[in-house]
Amino acid sequence: MSSCQRVARPLIQSIHQHGHGLIRQTASASFARSFSRTTPRRDETPPTSKPETGSDAPATPKSTNSLDKLEAAVDEAGKLRMKERLMDPNTTTAHWAERKLMRKGTPPVGSRRRRAALRTSQNLPFEQLPYQCFQEARKILQADREEKIAHLVKELDKIKRLEETPADQLPGGQRKKDLRLASLRKYVEELKILVDINDPVVKRRFEDGLGDMNKPIYRYLAEKKWRGLPYRLLAQRIEQLNIVPDVLPKLEPSVDVQLFFRRVKVEPGKIIDSRVSEVPPRLRVQVFNSGERLVSVAVVDLDVPNPETDSFDRRCHYLAANVPIAPDQPSLPLGKVNKETQLAVPWLPAFSQMGAPYHRLALFVLEQKPGQTLDVEKLRELYSGRDGFSLKSFKDKFSLELVGVNLFRTIWDEGTAGVMERAGVPGADIQFKHKRVYSLKGPKKLKGWEAKRSKPKYKSLWKYSTRIRGIPKRR
(Lines give C-alpha, C1' and ligand atoms only; values in the text may rest on other atoms or scores of the structure.)
Protein backbone atom coordinates (compact mmCIF):
# COMPACT_ATOMS: atom_id res chain seq x y z
CA MET A 1 0.00 0.00 0.00
CA SER A 2 1.36 3.41 -0.96
CA SER A 3 1.99 6.15 1.59
CA CYS A 4 -0.73 8.32 0.04
CA GLN A 5 -3.28 5.57 0.57
CA ARG A 6 -2.21 5.12 4.18
CA VAL A 7 -2.64 8.87 4.78
CA ALA A 8 -6.04 9.06 3.05
CA ARG A 9 -7.56 5.96 4.70
CA PRO A 10 -8.53 7.69 8.07
CA LEU A 11 -10.14 10.52 6.12
CA ILE A 12 -12.24 8.14 4.05
CA GLN A 13 -13.26 6.16 7.14
CA SER A 14 -14.40 9.28 9.02
CA ILE A 15 -16.47 10.40 6.03
CA HIS A 16 -18.06 6.95 5.82
CA GLN A 17 -18.94 6.95 9.52
CA HIS A 18 -20.49 10.42 9.85
CA GLY A 19 -22.20 10.69 6.48
CA HIS A 20 -25.72 9.60 5.60
CA GLY A 21 -26.53 6.63 3.43
CA LEU A 22 -26.80 8.55 0.18
CA ILE A 23 -23.87 10.76 1.04
CA ARG A 24 -21.74 7.70 1.77
CA GLN A 25 -22.20 6.38 -1.75
CA THR A 26 -21.25 9.76 -3.25
CA ALA A 27 -18.21 10.06 -0.97
CA SER A 28 -16.99 6.53 -1.72
CA ALA A 29 -17.41 7.14 -5.45
CA SER A 30 -15.43 10.37 -5.33
CA PHE A 31 -12.61 9.01 -3.14
CA ALA A 32 -12.25 5.58 -4.71
CA ARG A 33 -9.61 6.57 -7.27
CA SER A 34 -6.18 5.00 -6.90
CA PHE A 35 -3.13 6.90 -5.69
CA SER A 36 0.31 6.60 -7.24
CA ARG A 37 3.80 7.44 -6.04
CA THR A 38 4.70 9.60 -9.08
CA THR A 39 3.03 12.69 -10.45
CA PRO A 40 1.39 12.51 -13.92
CA ARG A 41 3.27 13.81 -16.97
CA ARG A 42 2.31 17.16 -18.41
CA ASP A 43 1.68 15.77 -21.89
CA GLU A 44 -0.57 13.04 -20.46
CA THR A 45 -4.27 13.74 -20.84
CA PRO A 46 -6.67 12.44 -18.21
CA PRO A 47 -8.97 9.65 -19.35
CA THR A 48 -12.47 10.63 -20.23
CA SER A 49 -15.40 8.35 -19.78
CA LYS A 50 -18.16 8.09 -22.33
CA PRO A 51 -21.65 8.97 -21.25
CA GLU A 52 -23.56 5.85 -20.36
CA THR A 53 -27.17 5.23 -20.88
CA GLY A 54 -29.59 3.31 -18.75
CA SER A 55 -29.77 2.87 -15.01
CA ASP A 56 -25.96 3.07 -14.49
CA ALA A 57 -25.65 6.57 -15.95
CA PRO A 58 -23.92 9.11 -13.62
CA ALA A 59 -26.03 11.77 -11.84
CA THR A 60 -26.63 15.03 -13.64
CA PRO A 61 -25.94 18.48 -12.08
CA LYS A 62 -29.65 18.76 -11.35
CA SER A 63 -29.58 15.59 -9.26
CA THR A 64 -26.45 16.85 -7.45
CA ASN A 65 -28.27 20.03 -6.42
CA SER A 66 -31.18 18.00 -5.11
CA LEU A 67 -28.78 15.87 -3.07
CA ASP A 68 -27.21 18.99 -1.59
CA LYS A 69 -30.64 20.33 -0.66
CA LEU A 70 -31.58 17.00 0.90
CA GLU A 71 -28.35 16.95 2.88
CA ALA A 72 -28.96 20.52 4.14
CA ALA A 73 -32.54 19.64 5.13
CA VAL A 74 -31.38 16.55 7.03
CA ASP A 75 -28.70 18.55 8.85
CA GLU A 76 -31.18 21.29 9.74
CA ALA A 77 -33.68 18.75 11.09
CA GLY A 78 -30.93 17.14 13.17
CA LYS A 79 -29.92 20.49 14.61
CA LEU A 80 -33.53 21.28 15.53
CA ARG A 81 -33.94 17.90 17.25
CA MET A 82 -30.69 18.44 19.16
CA LYS A 83 -31.76 21.93 20.26
CA GLU A 84 -35.15 20.67 21.42
CA ARG A 85 -33.48 17.93 23.42
CA LEU A 86 -31.03 20.36 25.01
CA MET A 87 -33.84 22.78 25.92
CA ASP A 88 -35.73 20.10 27.83
CA PRO A 89 -35.55 21.11 31.55
CA ASN A 90 -35.67 17.45 32.61
CA THR A 91 -32.66 16.21 30.59
CA THR A 92 -30.52 19.19 29.59
CA THR A 93 -26.85 19.27 30.62
CA ALA A 94 -25.56 22.22 28.53
CA HIS A 95 -24.58 25.34 30.46
CA TRP A 96 -25.98 27.73 27.84
CA ALA A 97 -29.30 25.84 27.79
CA GLU A 98 -29.53 26.04 31.60
CA ARG A 99 -28.97 29.81 31.52
CA LYS A 100 -31.58 30.21 28.76
CA LEU A 101 -34.12 28.16 30.69
CA MET A 102 -33.47 30.25 33.80
CA ARG A 103 -34.14 33.43 31.82
CA LYS A 104 -37.39 31.95 30.50
CA GLY A 105 -38.56 31.18 34.02
CA THR A 106 -38.45 27.36 33.67
CA PRO A 107 -35.26 26.37 35.51
CA PRO A 108 -33.71 22.91 35.00
CA VAL A 109 -35.07 20.16 37.22
CA GLY A 110 -32.69 18.69 39.78
CA SER A 111 -28.93 18.43 39.47
CA ARG A 112 -26.96 18.12 36.25
CA ARG A 113 -25.90 14.58 37.21
CA ARG A 114 -29.53 13.55 37.66
CA ARG A 115 -30.53 15.01 34.29
CA ALA A 116 -27.67 13.21 32.57
CA ALA A 117 -28.77 9.92 34.16
CA LEU A 118 -32.37 10.42 33.03
CA ARG A 119 -31.26 11.18 29.48
CA THR A 120 -29.27 7.96 29.18
CA SER A 121 -31.69 5.63 31.00
CA GLN A 122 -35.06 4.12 30.21
CA ASN A 123 -38.10 6.31 30.70
CA LEU A 124 -39.47 4.42 33.71
CA PRO A 125 -41.62 6.07 36.40
CA PHE A 126 -39.88 6.49 39.72
CA GLU A 127 -42.45 4.32 41.49
CA GLN A 128 -41.86 1.41 39.08
CA LEU A 129 -38.10 1.05 39.38
CA PRO A 130 -37.29 -2.68 39.02
CA TYR A 131 -35.52 -3.10 42.36
CA GLN A 132 -36.98 -5.68 44.72
CA CYS A 133 -35.63 -4.06 47.89
CA PHE A 134 -37.01 -0.68 46.82
CA GLN A 135 -40.48 -2.11 46.10
CA GLU A 136 -40.58 -4.05 49.41
CA ALA A 137 -39.61 -0.87 51.30
CA ARG A 138 -42.37 1.03 49.52
CA LYS A 139 -44.91 -1.56 50.69
CA ILE A 140 -43.83 -1.07 54.32
CA LEU A 141 -43.98 2.71 53.98
CA GLN A 142 -47.40 2.51 52.34
CA ALA A 143 -48.77 0.45 55.24
CA ASP A 144 -47.35 2.95 57.74
CA ARG A 145 -48.91 5.80 55.77
CA GLU A 146 -52.35 4.16 55.85
CA GLU A 147 -52.15 3.84 59.66
CA LYS A 148 -51.28 7.53 60.02
CA ILE A 149 -54.09 8.53 57.66
CA ALA A 150 -56.57 6.57 59.78
CA HIS A 151 -55.31 8.34 62.90
CA LEU A 152 -55.59 11.69 61.08
CA VAL A 153 -59.22 10.98 60.15
CA LYS A 154 -60.03 10.24 63.82
CA GLU A 155 -58.53 13.56 64.92
CA LEU A 156 -60.50 15.43 62.26
CA ASP A 157 -63.71 13.78 63.46
CA LYS A 158 -62.83 14.78 67.00
CA ILE A 159 -62.41 18.42 65.91
CA LYS A 160 -65.75 18.32 64.08
CA ARG A 161 -67.56 16.98 67.13
CA LEU A 162 -65.97 19.56 69.39
CA GLU A 163 -66.96 22.40 67.07
CA GLU A 164 -70.56 21.21 67.04
CA THR A 165 -70.72 20.97 70.84
CA PRO A 166 -72.04 24.15 72.55
CA ALA A 167 -69.57 25.92 74.82
CA ASP A 168 -71.91 25.92 77.82
CA GLN A 169 -71.89 22.10 77.85
CA LEU A 170 -68.09 21.94 78.22
CA PRO A 171 -66.12 22.48 81.43
CA GLY A 172 -64.27 25.78 81.18
CA GLY A 173 -66.67 27.37 78.71
CA GLN A 174 -65.69 29.04 75.44
CA ARG A 175 -62.11 29.72 76.51
CA LYS A 176 -61.39 26.04 77.21
CA LYS A 177 -63.06 25.09 73.93
CA ASP A 178 -60.90 27.47 71.90
CA LEU A 179 -57.72 26.20 73.54
CA ARG A 180 -58.71 22.61 72.88
CA LEU A 181 -59.51 23.34 69.22
CA ALA A 182 -56.21 25.16 68.72
CA SER A 183 -54.30 22.23 70.25
CA LEU A 184 -56.12 19.68 68.07
CA ARG A 185 -55.56 21.69 64.89
CA LYS A 186 -51.87 21.99 65.66
CA TYR A 187 -51.67 18.23 66.18
CA VAL A 188 -53.50 17.65 62.87
CA GLU A 189 -50.90 19.77 61.04
CA GLU A 190 -48.15 17.64 62.58
CA LEU A 191 -49.94 14.47 61.46
CA LYS A 192 -50.20 15.81 57.90
CA ILE A 193 -46.41 16.14 57.89
CA LEU A 194 -45.86 12.68 59.39
CA VAL A 195 -48.11 11.07 56.76
CA ASP A 196 -45.77 12.00 53.89
CA ILE A 197 -42.43 12.47 55.66
CA ASN A 198 -41.10 9.04 54.52
CA ASP A 199 -42.59 9.00 51.03
CA PRO A 200 -39.73 8.76 48.47
CA VAL A 201 -41.87 10.39 45.78
CA VAL A 202 -42.41 13.45 47.99
CA LYS A 203 -38.70 13.75 48.72
CA ARG A 204 -37.86 13.38 45.05
CA ARG A 205 -40.29 16.13 44.03
CA PHE A 206 -38.90 18.43 46.72
CA GLU A 207 -35.30 17.84 45.65
CA ASP A 208 -36.30 18.56 42.04
CA GLY A 209 -37.92 21.85 43.07
CA LEU A 210 -41.41 20.70 42.03
CA GLY A 211 -43.02 20.62 45.47
CA ASP A 212 -46.31 22.43 46.12
CA MET A 213 -45.54 24.90 48.93
CA ASN A 214 -49.23 25.04 49.85
CA LYS A 215 -48.83 21.56 51.38
CA PRO A 216 -47.42 21.32 54.93
CA ILE A 217 -44.89 18.61 54.07
CA TYR A 218 -43.08 20.72 51.47
CA ARG A 219 -43.03 23.77 53.76
CA TYR A 220 -41.59 21.59 56.52
CA LEU A 221 -38.85 20.24 54.25
CA ALA A 222 -38.04 23.74 52.97
CA GLU A 223 -37.72 25.13 56.49
CA LYS A 224 -35.57 22.19 57.56
CA LYS A 225 -33.25 22.81 54.61
CA TRP A 226 -33.06 26.56 55.33
CA ARG A 227 -32.35 26.02 59.03
CA GLY A 228 -29.14 24.25 58.03
CA LEU A 229 -26.23 26.05 56.38
CA PRO A 230 -28.15 29.10 54.98
CA TYR A 231 -29.49 30.10 58.39
CA ARG A 232 -26.16 29.57 60.14
CA LEU A 233 -24.37 31.63 57.48
CA LEU A 234 -26.89 34.47 57.83
CA ALA A 235 -26.62 34.43 61.62
CA GLN A 236 -22.82 34.53 61.36
CA ARG A 237 -22.91 37.56 59.03
CA ILE A 238 -25.35 39.36 61.34
CA GLU A 239 -22.96 38.84 64.23
CA GLN A 240 -19.76 39.62 62.32
CA LEU A 241 -21.09 42.83 60.75
CA ASN A 242 -22.68 43.97 64.04
CA ILE A 243 -26.21 44.28 62.66
CA VAL A 244 -27.14 43.47 66.25
CA PRO A 245 -27.05 45.76 68.26
CA ASP A 246 -26.45 48.55 65.69
CA VAL A 247 -29.99 48.24 64.30
CA LEU A 248 -32.01 46.26 66.82
CA PRO A 249 -31.16 44.77 70.21
CA LYS A 250 -32.41 41.35 69.07
CA LEU A 251 -32.92 39.78 65.65
CA GLU A 252 -34.20 36.26 64.94
CA PRO A 253 -35.27 35.77 61.29
CA SER A 254 -38.00 33.21 60.62
CA VAL A 255 -38.36 33.69 56.84
CA ASP A 256 -35.88 32.79 54.11
CA VAL A 257 -34.96 36.01 52.25
CA GLN A 258 -32.71 35.56 49.20
CA LEU A 259 -31.24 38.51 47.31
CA PHE A 260 -30.73 38.64 43.52
CA PHE A 261 -29.05 41.38 41.47
CA ARG A 262 -29.45 40.97 37.70
CA ARG A 263 -30.52 37.32 38.11
CA VAL A 264 -27.40 36.53 40.18
CA LYS A 265 -27.85 35.35 43.75
CA VAL A 266 -25.92 37.36 46.34
CA GLU A 267 -24.66 35.69 49.49
CA PRO A 268 -25.21 37.60 52.78
CA GLY A 269 -22.52 40.23 53.38
CA LYS A 270 -20.97 40.09 49.91
CA ILE A 271 -19.41 43.26 48.43
CA ILE A 272 -21.36 44.24 45.30
CA ASP A 273 -20.11 46.41 42.44
CA SER A 274 -21.89 49.77 42.44
CA ARG A 275 -22.90 49.34 38.79
CA VAL A 276 -24.56 46.02 39.58
CA SER A 277 -26.52 47.41 42.55
CA GLU A 278 -27.67 50.42 40.52
CA VAL A 279 -30.89 48.62 39.56
CA PRO A 280 -33.42 47.48 42.19
CA PRO A 281 -32.85 43.86 43.30
CA ARG A 282 -35.30 40.98 43.38
CA LEU A 283 -36.11 39.23 46.63
CA ARG A 284 -37.25 35.66 47.09
CA VAL A 285 -39.18 35.63 50.36
CA GLN A 286 -40.08 32.05 51.29
CA VAL A 287 -42.47 31.79 54.24
CA PHE A 288 -43.07 28.51 56.05
CA ASN A 289 -46.65 28.92 57.30
CA SER A 290 -49.82 28.85 55.26
CA GLY A 291 -51.80 31.83 54.03
CA GLU A 292 -51.15 35.11 52.29
CA ARG A 293 -49.92 38.12 54.23
CA LEU A 294 -48.82 41.73 53.66
CA VAL A 295 -45.25 42.80 54.36
CA SER A 296 -43.18 45.97 54.32
CA VAL A 297 -39.66 46.07 52.86
CA ALA A 298 -36.98 48.53 53.97
CA VAL A 299 -33.40 48.88 52.70
CA VAL A 300 -31.18 50.89 55.05
CA ASP A 301 -27.56 52.09 54.75
CA LEU A 302 -26.05 51.81 58.23
CA ASP A 303 -22.72 53.56 57.55
CA VAL A 304 -23.36 57.08 56.22
CA PRO A 305 -20.35 59.19 57.33
CA ASN A 306 -21.09 62.44 59.19
CA PRO A 307 -17.95 64.65 59.32
CA GLU A 308 -19.58 67.22 61.60
CA THR A 309 -20.19 64.78 64.45
CA ASP A 310 -17.36 62.41 63.46
CA SER A 311 -19.78 59.47 63.47
CA PHE A 312 -22.07 57.47 61.18
CA ASP A 313 -25.75 58.05 60.39
CA ARG A 314 -28.38 55.97 58.57
CA ARG A 315 -30.13 56.50 55.27
CA CYS A 316 -33.22 54.84 53.77
CA HIS A 317 -32.54 53.55 50.25
CA TYR A 318 -35.93 51.91 49.69
CA LEU A 319 -39.27 51.57 51.45
CA ALA A 320 -42.42 49.76 50.32
CA ALA A 321 -45.51 48.58 52.18
CA ASN A 322 -48.63 46.44 51.62
CA VAL A 323 -46.71 43.93 49.46
CA PRO A 324 -48.47 40.50 49.35
CA ILE A 325 -46.48 37.28 49.65
CA ALA A 326 -47.54 33.63 50.03
CA PRO A 327 -45.82 30.24 50.31
CA ASP A 328 -46.34 29.58 46.59
CA GLN A 329 -45.57 33.19 45.54
CA PRO A 330 -42.12 33.99 46.95
CA SER A 331 -40.84 36.32 44.22
CA LEU A 332 -40.73 40.00 45.19
CA PRO A 333 -39.08 42.29 42.59
CA LEU A 334 -38.53 45.66 44.26
CA GLY A 335 -38.66 47.49 40.94
CA LYS A 336 -42.15 46.24 40.02
CA VAL A 337 -44.22 47.19 43.06
CA ASN A 338 -47.25 49.43 42.64
CA LYS A 339 -46.06 53.05 42.72
CA GLU A 340 -49.41 54.35 43.92
CA THR A 341 -50.38 51.96 46.70
CA GLN A 342 -47.11 50.25 47.72
CA LEU A 343 -44.00 52.33 46.94
CA ALA A 344 -43.17 54.97 49.57
CA VAL A 345 -39.45 55.69 48.91
CA PRO A 346 -38.01 54.70 45.49
CA TRP A 347 -34.75 52.81 45.06
CA LEU A 348 -31.53 54.77 45.60
CA PRO A 349 -28.37 53.03 44.29
CA ALA A 350 -25.88 51.90 46.91
CA PHE A 351 -22.68 54.00 46.96
CA SER A 352 -19.70 54.75 49.16
CA GLN A 353 -17.46 57.80 48.86
CA MET A 354 -13.73 57.61 48.30
CA GLY A 355 -11.76 56.92 51.46
CA ALA A 356 -14.78 55.85 53.48
CA PRO A 357 -15.03 52.28 54.82
CA TYR A 358 -17.46 49.81 53.33
CA HIS A 359 -21.15 50.53 53.77
CA ARG A 360 -23.50 47.88 55.18
CA LEU A 361 -26.86 47.84 53.41
CA ALA A 362 -29.44 45.69 55.18
CA LEU A 363 -32.78 44.54 53.71
CA PHE A 364 -35.52 44.02 56.26
CA VAL A 365 -38.86 42.28 55.69
CA LEU A 366 -41.48 43.25 58.28
CA GLU A 367 -44.82 41.47 58.48
CA GLN A 368 -47.95 43.56 59.00
CA LYS A 369 -50.81 42.52 61.22
CA PRO A 370 -53.66 40.54 59.58
CA GLY A 371 -55.91 42.99 57.80
CA GLN A 372 -53.58 45.95 58.43
CA THR A 373 -52.85 48.31 55.51
CA LEU A 374 -50.32 51.12 55.91
CA ASP A 375 -50.95 54.60 54.59
CA VAL A 376 -48.36 55.09 51.84
CA GLU A 377 -48.90 58.87 51.73
CA LYS A 378 -48.04 59.11 55.41
CA LEU A 379 -44.91 57.03 54.86
CA ARG A 380 -43.82 59.38 52.09
CA GLU A 381 -44.26 62.40 54.35
CA LEU A 382 -42.26 60.79 57.15
CA TYR A 383 -39.38 59.17 55.24
CA SER A 384 -39.06 61.00 51.90
CA GLY A 385 -35.99 62.78 53.29
CA ARG A 386 -34.21 59.40 53.59
CA ASP A 387 -31.60 60.63 56.14
CA GLY A 388 -31.86 59.64 59.78
CA PHE A 389 -34.07 56.59 59.17
CA SER A 390 -34.61 54.44 62.28
CA LEU A 391 -35.86 50.91 61.75
CA LYS A 392 -36.79 50.51 65.41
CA SER A 393 -38.93 53.66 65.31
CA PHE A 394 -40.61 52.53 62.06
CA LYS A 395 -41.25 49.07 63.51
CA ASP A 396 -42.76 50.35 66.77
CA LYS A 397 -44.80 53.14 65.20
CA PHE A 398 -46.73 50.84 62.85
CA SER A 399 -46.72 47.67 65.03
CA LEU A 400 -44.72 45.54 62.59
CA GLU A 401 -42.91 42.26 63.21
CA LEU A 402 -39.45 41.71 61.73
CA VAL A 403 -39.42 38.26 60.08
CA GLY A 404 -36.60 38.32 57.51
CA VAL A 405 -33.29 40.00 56.79
CA ASN A 406 -30.47 39.96 54.25
CA LEU A 407 -27.54 42.27 53.65
CA PHE A 408 -24.76 43.24 51.26
CA ARG A 409 -21.88 45.73 51.24
CA THR A 410 -20.63 48.38 48.86
CA ILE A 411 -17.31 50.23 48.50
CA TRP A 412 -15.87 52.97 46.30
CA ASP A 413 -14.96 51.50 42.91
CA GLU A 414 -14.37 52.67 39.38
CA GLY A 415 -18.08 52.93 38.59
CA THR A 416 -19.28 54.72 41.74
CA ALA A 417 -18.79 58.24 40.34
CA GLY A 418 -20.95 57.46 37.31
CA VAL A 419 -23.63 55.81 39.46
CA MET A 420 -23.81 58.85 41.75
CA GLU A 421 -23.99 61.21 38.77
CA ARG A 422 -26.84 59.26 37.14
CA ALA A 423 -28.72 59.11 40.45
CA GLY A 424 -28.26 62.84 41.07
CA VAL A 425 -26.31 62.31 44.30
CA PRO A 426 -23.63 64.98 45.02
CA GLY A 427 -20.31 64.30 46.72
CA ALA A 428 -18.53 62.11 44.18
CA ASP A 429 -15.51 64.47 44.33
CA ILE A 430 -15.21 64.26 48.13
CA GLN A 431 -12.48 62.08 49.59
CA PHE A 432 -12.35 61.05 53.23
CA LYS A 433 -8.99 60.75 54.92
CA HIS A 434 -8.08 59.21 58.24
CA LYS A 435 -7.26 61.78 60.89
CA ARG A 436 -4.01 61.11 62.68
CA VAL A 437 -4.37 60.94 66.44
CA TYR A 438 -1.21 61.86 68.36
CA SER A 439 -0.42 60.27 71.69
CA LEU A 440 -1.07 62.37 74.79
CA LYS A 441 1.66 60.64 76.78
CA GLY A 442 4.87 62.47 77.57
CA PRO A 443 8.36 61.30 76.64
CA LYS A 444 9.43 58.10 78.29
CA LYS A 445 11.91 58.54 81.10
CA LEU A 446 15.14 56.60 81.12
CA LYS A 447 15.66 53.95 83.78
CA GLY A 448 18.44 51.73 85.01
CA TRP A 449 21.54 51.34 82.87
CA GLU A 450 20.34 53.89 80.26
CA ALA A 451 19.62 56.56 82.89
CA LYS A 452 23.02 56.14 84.54
CA ARG A 453 24.98 56.35 81.29
CA SER A 454 22.98 59.10 79.58
CA LYS A 455 25.50 61.74 80.64
CA PRO A 456 28.17 63.06 78.24
CA LYS A 457 30.75 61.09 80.16
CA TYR A 458 29.46 57.86 78.55
CA LYS A 459 28.99 59.30 75.07
CA SER A 460 31.13 56.55 73.57
CA LEU A 461 28.59 53.97 74.76
CA TRP A 462 25.54 55.64 73.30
CA LYS A 463 25.96 53.77 70.05
CA TYR A 464 25.04 50.53 71.86
CA SER A 465 21.69 51.89 73.03
CA THR A 466 20.34 53.25 69.74
CA ARG A 467 17.99 50.29 69.22
CA ILE A 468 16.52 50.30 72.72
CA ARG A 469 12.80 51.06 72.62
CA GLY A 470 11.85 54.39 74.16
CA ILE A 471 15.32 55.98 73.90
CA PRO A 472 15.66 58.68 71.23
CA LYS A 473 18.32 58.01 68.62
CA ARG A 474 19.69 61.54 68.76
CA ARG A 475 20.61 62.83 72.20
(request) Tell me, with the steps shown, if Asp413 and Ser274 meet side chain to side chain donor-acceptor pair (under 3.5 Å). (result) CA-CA 7 Å; Asp413 51 42; Ser274 60; 2.7 Å; yes

(request) Evaluate salt bridge (Lys or Arg N to Asp or Glu O under 4.0 Å) for Glu278 paired with Arg275, printing each intermediate quantity in order. (result) CA-CA 5 Å; Glu278 186 176 4; Arg275 291 164 292 188; over 6 Å; no

(request) Show the numbers, then the answer: is there a side-chain contact (heavy atoms from CB on, under 4.5 Å) between Ile197 and Tyr220? (result) CA-CA 9 Å; Ile197 191 63; Tyr220 170 79; 3.5 Å; yes

(message) Please evaluate residues Glu98 and Thr92 with respect to the criterion side chain to side chain donor-acceptor pair (under 3.5 Å), reporting the C-alpha separation (whole Å), side-chain torsions for both, the decisive distance (0.1 Å), and the verdict.
(response) CA-CA 7 Å; Glu98 293 176 358; Thr92 182; 5.6 Å; no

(request) Could you check Arg237 against Glu239 for salt bridge (Lys or Arg N to Asp or Glu O under 4.0 Å), going step by step and ending with a plain yes or no? (result) CA-CA 5 Å; Arg237 294 295 181 267; Glu239 181 181 359; over 6 Å; no

(message) What verdict does the side-chain contact (heavy atoms from CB on, under 4.5 Å) test give for Phe364 and Leu402, after you've listed the backbone C-alpha separation in whole Å, the side-chain angles of each residue and the deciding distance to 0.1 Å?
(response) CA-CA 7 Å; Phe364 300 100; Leu402 182 62; 3.8 Å; yes

(request) Determine, stepwise, if the pair Leu141 / Asp199 fulfils side-chain contact (heavy atoms from CB on, under 4.5 Å). (result) CA-CA 7 Å; Leu141 295 177; Asp199 193 346; over 6 Å; no

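Atoms CG and NZ, on Leu221 and Lys215 in that order, are 12.5 Å from each other to the nearest 0.5 Å. Residue Leu382 holds its CG atom at 11.5 Å from CD of Glu377, rounded to the nearest 0.5 Å. Note that CG of Leu319 is 7.0 Å distant from OG of Ser296, once rounded to the nearest 0.5 Å. Between the CD1 atom of Ile149 and the NZ atom of Lys154 there is a distance of 13.5 Å, given to the nearest 0.5 Å. Taken to the nearest 0.5 Å, the CD1 atom of Ile271 stands 10.0 Å off from the OG atom of Ser352. Taking CG from Leu251 and CD1 from Ile238, the interatomic distance works out to 4.5 Å, rounded to the nearest 0.5 Å.
Between the side chain of Arg386 and the main chain of Cys316, a donor-acceptor pair closer than 3.5 Å is present. Within the 3.5 Å criterion, the main-chain N or O of Leu210 finds no donor-acceptor partner in the side chain of Asp208. Judged purely by atom type and a 3.5 angstrom limit, Thr341 has no side-chain atom pairing as donor or acceptor with the backbone of Asn338. Looking at Gln342, its side chain does come within 3.5 Å of a backbone N or O of Asn322 through a donor-acceptor pair. Without hydrogens or angle criteria, Arg293 side chain to Gly291 main chain gives a donor-acceptor distance under 3.5 Å. Judged purely by atom type and a 3.5 angstrom limit, Thr416 has no side-chain atom pairing as donor or acceptor with the backbone of Trp412. At least one donor-acceptor pair closer than 3.5 Å links the side chain of Tyr318 to the backbone N or O of Leu334. Without hydrogens or angle criteria, Asp212 side chain to Asn214 main chain gives a donor-acceptor distance under 3.5 Å. Under the 3.5 Å distance criterion, the side-chain polar atoms of Arg284 are left unmatched by any main-chain donor or acceptor of Gln258. Not one N or O on the side chain of His317 forms a donor-acceptor pair closer than 3.5 Å with the backbone of Val299.
The side chain to side chain contact (heavy atoms under 4.5 Å, CB included) test applied to Ala116 returns Thr93, not counting sequence neighbours. Every residue two or more places apart in sequence or in another chain that forms a side chain to side chain contact (heavy atoms under 4.5 Å, CB included) with Met87 is listed here: Lys83, Trp96, Ala97, Lys100, Leu101, Lys104.
Annotation for Arg180: atom CZ does not count as buried by contact number, only 12 or fewer foreign heavy atoms lying within 6.0 Å. Sparse packing is recorded around CD of Glu421, with 12 or fewer heavy atoms of other residues, nucleotides or ligands lying under 6.0 Å away. Counting heavy-atom neighbours within 6.0 Å of Glu163 CD, excluding the residue itself, gives a total above 12. For Asp310, the CG atom counts as loosely surrounded, since its 6.0 Å shell holds 12 or fewer non-hydrogen atoms of other residues, nucleotides or ligands. More than 12 heavy atoms of other residues, nucleotides or ligands sit less than 6.0 Å from atom CZ of Phe394. In this structure, Glu414 places its CD atom where only 12 or fewer heavy-atom neighbours from other residues, nucleotides or ligands lie under 6.0 Å away.
Contact check for Leu361 versus Asp301: side-chain heavy atoms found under the 4.5 Å cut-off. Looking at Val405 and Val365, their side chains never come closer than 4.5 Å, going by heavy atoms from C-beta outward. For the pair Leu407/Leu241, a side-chain contact is recorded, criterion being any heavy-atom separation below 4.5 Å from C-beta on. Annotation: side chain of Leu366 is not in contact with side chain of Val295 (no heavy-atom distance under 4.5 Å). In this structure the side chain of Ile325 never reaches within 4.5 angstrom of the side chain of Gln286, judged on heavy atoms.
Between Lys148 and Val195, the shortest heavy-atom distance links the atoms CB-CG2, 3.8 Å. The nearest pair of heavy atoms linking Phe398 to Leu374 is CD2-CD2, 3.8 Å. The heavy-atom pair separating Gly404 from Val257 by the smallest distance is CA-CG2, 3.8 Å. Taking each heavy atom of Leu184 and Leu162 in turn, the nearest pair found is CD1-CD2, 4.0 Å. Thr165 approaches Lys177 most closely through the heavy-atom pair O-NZ, 2.8 Å. Taking every heavy atom of both residues into account, Met420 and Gln353 meet most closely at CE-CG, 4.4 Å.
Trp226 and Phe288 have their aromatic ring centers within a separation under 6.0 angstrom.
Note on Asp396 versus Lys392: salt bridge recorded, some NZ/NE/NH1/NH2 to OD/OE distance being below 4.0 Å. Glu401 and Lys395 are not joined by a salt bridge, as no carboxylate oxygen comes within less than 4.0 angstrom of a charged side-chain nitrogen. Salt bridge annotation for Arg161-Glu164: absent, with no cationic side-chain nitrogen under 4.0 angstrom from a carboxylate oxygen. Remark: Arg360 engages Asp246 in a salt bridge, criterion side-chain N to carboxylate O under 4.0 Å. A salt bridge links Glu155 with Lys158: the distance from a Lys NZ or Arg NE/NH1/NH2 to an Asp or Glu carboxylate oxygen falls below 4.0 Å. By the 4.0 Å N-to-carboxylate-O rule, Lys225 lies too far from Glu223 to be salt-bridged with it. Ion pairing between Glu267 and Lys270 fails under the 4.0 Å rule for side-chain N and carboxylate O. In summary, Lys186 and Glu189 do not engage in a salt bridge, as defined by a charged side-chain N under 4.0 Å from a carboxylate O.
Looking at Gln142 and Arg145, their side chains never bring a donor and an acceptor atom within 3.5 Å of each other.
In this structure, Phe408 and Phe261 have perpendicular ring planes: the angle between them is above 60°, well past the 30° mark.
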Side chains of residues 423-439: which donor-acceptor pairs under 3.5 Å do they make with residues two or more places apart or in other chains?
residue : atom : partner : partner atom : Å
Ser439  : OG   : Lys441  : N            : 3.3

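No cation-pi contact links Arg314 to Phe389, judged by a cut-off of 6.0 Å to the six-membered ring centre and 45° from its axis.
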